[in-house]
Protein chains: 2
Amino acid sequence: MSEKIDRRRARTKQLLYQALMSLLTEQGVEHLTVTDITNRADVNRGTFYLHYKDVPDMLEQIKDEVFESIRSEVIQLDFKQAMACADRNEPYPISVAIFEQFALHADFLKAMFGTKGDLSYAHRFRALMAANIYEKMRYNPPSDLAVPFDYLIAYMTSANFGMLMHWIESGMKQTPAQMGAFMTKIINFGPLVAFGLRELPSVSSSSKPH
Amino acid sequence: MSEKIDRRRARTKQLLYQALMSLLTEQGVEHLTVTDITNRADVNRGTFYLHYKDVPDMLEQIKDEVFESIRSEVIQLDFKQAMACADRNEPYPISVAIFEQFALHADFLKAMFGTKGDLSYAHRFRALMAANIYEKMRYNPPSDLAVPFDYLIAYMTSANFGMLMHWIESGMKQTPAQMGAFMTKIINFGPLVAFGLRELPSVSSSSKPH
DNA sequence: ATCATTAATCAACATCGTGTTTATTATGGA
DNA sequence: TCCATAATAAACACGATGTTGATTAATGAT
């Protein structure tokens with residue numbers, strides 16, 4: 001009853017979505033016009049305005065949906081669980097689930113993070129990761145840093161996000177499970193150890209909970 | 001003789017530049033119109049086209065100049081020198097010079113890398129760093145990686161670039177010398193050691209030259 | 001199956017920014 | 001001074017926008 005969806009609305013909305021996606025993969029996020037979208041969707045131009053305010057509005061809605069689908073996974077991350085998985089040398093399931101969610105929206109994200117992409121969207125994902133890492137650190141607050149804490153956050157979010165982008169841009173040759181394993185290793189042991197350039201260092205006293 | 005610069009050309013070009021910069025810091029790189037720029041510069045709209053093809057062309061020229069000024073410093077980086085400085089616990093001069101060059105163009109870069117920024121420009125700088133790191137690695141080629149080499153590159157370029165962006169976005173509270181010190185530490189010892197979360201690990205055999 | 005409701009279409013409109021052109025004015029360098 | 005060139009002003013066609021009103025078509029409920 002409360003769910004009343006007119007087939008016509010759903011149909012044209014899907015046509016517009018498909019048209020947008022094909023244009024997005026072709027020419028990136030710039031120079032997207034209502035005229036182009038509606039022409040490709042074989043829909044009257046005026047009809048577009050029955051669904052969206054303008055092109056940025058349409059993009060915003062899709063961005064929100066994709067972001068939310070990933071955010072809902074990210075907030076389930078548990079630092080201790082991830083560490084336990086890393087010690088047992090197995091991928092952390094929630095981490096894998098996140099990569100699967102990314103794979104699901106690969107085309108869209110590839111366009112949004114590609115050369116002609118949307119920097120504000122990248123910032124949004126980085127902010128999500130930062131909040132998450134900050135949450136992790138609260139369990140084991142660092143002190144006596146050789147480099148300020150906010151730089152630690154910037155470093156880690158950018159590094160992880162960079163690997164994610166590289167995965168998407170290079171055609172997702174690794175499975176989500178593999179990527180999850182990479183990420184877990186690097187987060188817990190640092191890049192040099194994870195990449196096999198150094199042995200695992202002995203755990204220092206400063207990383208022990210009080 | 002060969003250097004013949006009409007004062008009028010130089011004057012209007014500077015007026016256009018100043019107008020562009022003030023608009024850039026106000027509203028980011030999007031929705032920059034010729035009309036807005038020439039209005040703010042108090043210059044006839046037609047005059048703009050005597051200097052630039054269109055707005056992207058004007059941006060491109062400035063982007064090229066700034067990029068080149070930084071690239072010319074980056075290519076002077078020497079891996080061994082940087083390591084030597086790190087061991088003596090002093091900032092690597094060329095690294096400091098790079099940060100000074102960034103500081104020189106802070107306003108422009110802040111706009112280009114901000115929320116409404118230009119992702120293609122960010123990619124360009126990351127590609128520069130990637131080429132540089134790749135060059136470094138050639139002296140000490142890694143083998144037996146737990147994670148593929150291209151992910152190592154993606155990780156490192158993104159991490160370093162992320163710190164750089166954070167420095168710019170947070171108002172450049174650290175001096176170029178301090179930032180150079182941060183960077184040198186992290187590149188050589190990894191983030192966990194650099195941030196003081198672990199002790200310096202013993203150097204493994206895999207990181208020794210043959 | 002009917003019918004009122006809602007969606008989609010079509011055509012027209014004013015608006016805005018673009019890039020170009022022409023004629024005119026002014027400024028600079030020699 | 002005087003020539004070359006830069007800047008101005010006004011006009012133009014073009015393309016995309018966002019809106020409107022009238023019309024046709026499809027849908028869901030009864």
Side-chain angles (χ1 to χ4, degrees), chain A residues 1-65 111 116-118 120, chain B residues 1-65 111 116-118 120:
Chain A
M1 291 300 149
S2 60
E3 294 296 324
K4 45 187 177 185
I5 335 145
D6 196 317
R7 291 177 191 170
R8 290 170 294 179
R9 286 197 71 84
R11 194 184 105 88
T12 56
K13 207 156 184 179
Q14 197 197 346
L15 286 173
L16 290 173
Y17 175 80
Q18 289 169 349
L20 178 74
M21 286 304 296
S22 81
L23 285 169
L24 211 48
T25 53
E26 273 179 26
Q27 64 186 48
V29 81
E30 279 182 6
H31 304 301
L32 286 173
T33 69
V34 174
T35 306
D36 285 347
I37 295 172
T38 51
N39 276 347
R40 184 158 304 201
D42 260 315
V43 159
N44 189 275
R45 189 169 65 86
T47 306
F48 179 92
Y49 296 100
L50 299 177
H51 294 266
Y52 303 104
K53 187 178 158 289
D54 49 23
V55 177
D57 178 51
M58 181 176 181
L59 272 174
E60 204 62 39
Q61 291 192 26
I62 300 174
K63 280 158 71 177
D64 285 349
E65 286 169 19
K116 292 286 179 188
D118 182 334
S120 74
Chain B
M1 294 304 148
S2 59
E3 294 295 324
K4 44 187 176 185
I5 334 147
D6 197 318
R7 292 177 188 171
R8 291 170 294 180
R9 287 196 71 83
R11 193 184 106 90
T12 58
K13 208 156 183 177
Q14 198 199 344
L15 287 174
L16 290 174
Y17 176 81
Q18 289 169 349
L20 177 75
M21 286 303 296
S22 79
L23 285 170
L24 211 48
T25 53
E26 275 179 25
Q27 63 187 50
V29 80
E30 280 182 4
H31 305 299
L32 286 173
T33 68
V34 174
T35 305
D36 285 346
I37 295 172
T38 51
N39 277 347
R40 183 159 302 204
D42 260 316
V43 160
N44 189 276
R45 189 170 68 85
T47 307
F48 179 93
Y49 296 100
L50 298 176
H51 294 265
Y52 303 104
K53 188 177 157 290
D54 49 23
V55 176
D57 177 51
M58 182 176 182
L59 270 175
E60 203 63 39
Q61 290 191 25
I62 300 174
K63 280 157 70 177
D64 285 349
E65 286 170 20
K116 293 286 179 188
D118 182 334
S120 74

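In what follows, chains carry the letters A, B, and so on, assigned in the order in which the sequence lines appear, proteins first and then strands, with residues in each chain numbered from 1. Quick caveat: nothing in here was measured; it's all calculated off a predicted structure.
What separates OH of Y49(B) from C1' of dA9(D) is a distance of 15 Å, to the nearest Å. With rounding to whole Å, K53(B) atom NZ is found 13 Å from dT18(C) atom P. If you take CD of E30(B) and C1' of dG17(C), they are 16 Å apart, rounded to a whole angstrom. Distance CD1 (I37(A)) to P (dA16(D)): 13 Å, rounded to an integer number of Å. What separates NE2 of H31(B) from P of dT17(D) is a distance of 12 Å, to the nearest Å. Look at CZ on R40(B): it is 17 Å from C1' on dG17(C), rounded to the nearest Å. Distance D54(A) CG to dC16(C) P: 17 Å, rounded to the nearest Å.
Between T33(B) and the phosphate of dC16(C), there is no side-chain N or O to OP1/OP2 separation shorter than 4.0 Å.
Residue I37(B) holds its CD1 atom at 5.5 Å from CE of M58(B), rounded to the nearest 0.5 Å. In this structure, CZ in R45(B) is found 9.5 Å from CG in N39(B), a value given to the nearest 0.5 Å. The OH atom of Y49(A) sits 11.5 Å away from the CG atom of D57(A) when rounded to the nearest 0.5 Å.
Counting heavy atoms from C-beta on, the side chains of K63(B) and E60(B) come closer than 4.5 Å. No side-chain heavy atom of D118(B) sits less than 4.5 Å from a side-chain heavy atom of L59(B). Side-chain contact check for T33(B) versus V55(B): every heavy-atom pair is 4.5 Å or farther apart. Within the 4.5 Å cutoff, no side-chain heavy atoms of T12(B) are placed close to those of L50(B).
Of the two residues near DNA chain C, D36(B) and R7(B), the one whose nearest nucleotide lies more 5' is D36(B).
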Using distance only, find each side-chain donor-acceptor pair of residues 13-29 of chain A under 3.5 Å and give its atom names and separation, not counting sequence neighbours.
{"residue": "S22(A)", "atom": "OG", "partner": "A19(A)", "partner atom": "O", "Å": "3.1"}
{"residue": "S22(A)", "atom": "OG", "partner": "R40(A)", "partner atom": "NH1", "Å": "3.0"}
{"residue": "T25(A)", "atom": "OG1", "partner": "M21(A)", "partner atom": "O", "Å": "3.2"}
{"residue": "T25(A)", "atom": "OG1", "partner": "S22(A)", "partner atom": "O", "Å": "3.0"}
{"residue": "E26(A)", "atom": "OE1", "partner": "R40(A)", "partner atom": "NH2", "Å": "3.3"}
{"residue": "E26(A)", "atom": "OE2", "partner": "R40(A)", "partner atom": "NH1", "Å": "2.7"}
{"residue": "Q27(A)", "atom": "NE2", "partner": "H31(A)", "partner atom": "O", "Å": "3.1"}

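Sorted by first and then second residue, the salt bridge (Lys or Arg N to Asp or Glu O under 4.0 Å) pairs with a member in residues 14-23 of chain A form an empty list; sequence neighbours excluded.
Counting non-hydrogen atoms of neighbouring residues, nucleotides and ligands closer than 6.0 angstrom, the NZ atom of K116(A) reaches no more than 12 such neighbours.
Qualifying salt bridge (charged side-chain N to carboxylate O under 4.0 Å, His left out) partners for D54(A), counting only residues two or more places apart in sequence or in other chains: none.
One axis for each end of the helix from dA1(C)-dT30(D) to dA30(C)-dT1(D), each built from five base pairs, and the angle between them comes to 40° at 10° resolution.
The stretch residues 14-25 of chain B does not touch DNA chain D, since none of its heavy atoms comes less than 4.0 Å from the strand.
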Expected rows: protein N/O vs nucleotides 6-9 of chain C N/O, under 3.5 Å:
{"residue": "dT6(C)", "atom": "O2", "partner": "R8(A)", "partner atom": "NH1", "Å": "3.0"}
{"residue": "dT6(C)", "atom": "O2", "partner": "R8(A)", "partner atom": "NH2", "Å": "3.0"}
{"residue": "dA7(C)", "atom": "O4'", "partner": "R8(A)", "partner atom": "NE", "Å": "3.4"}
{"residue": "dA7(C)", "atom": "O4'", "partner": "R8(A)", "partner atom": "NH1", "Å": "3.2"}
{"residue": "dA7(C)", "atom": "O4'", "partner": "R8(A)", "partner atom": "NH2", "Å": "3.4"}
{"residue": "dA8(C)", "atom": "OP1", "partner": "R8(A)", "partner atom": "O", "Å": "2.8"}
{"residue": "dA8(C)", "atom": "OP1", "partner": "T12(A)", "partner atom": "OG1", "Å": "2.5"}
{"residue": "dA8(C)", "atom": "OP2", "partner": "H51(A)", "partner atom": "NE2", "Å": "3.1"}
{"residue": "dT9(C)", "atom": "OP2", "partner": "N44(A)", "partner atom": "N", "Å": "3.0"}
{"residue": "dT9(C)", "atom": "OP2", "partner": "T47(A)", "partner atom": "OG1", "Å": "2.6"}

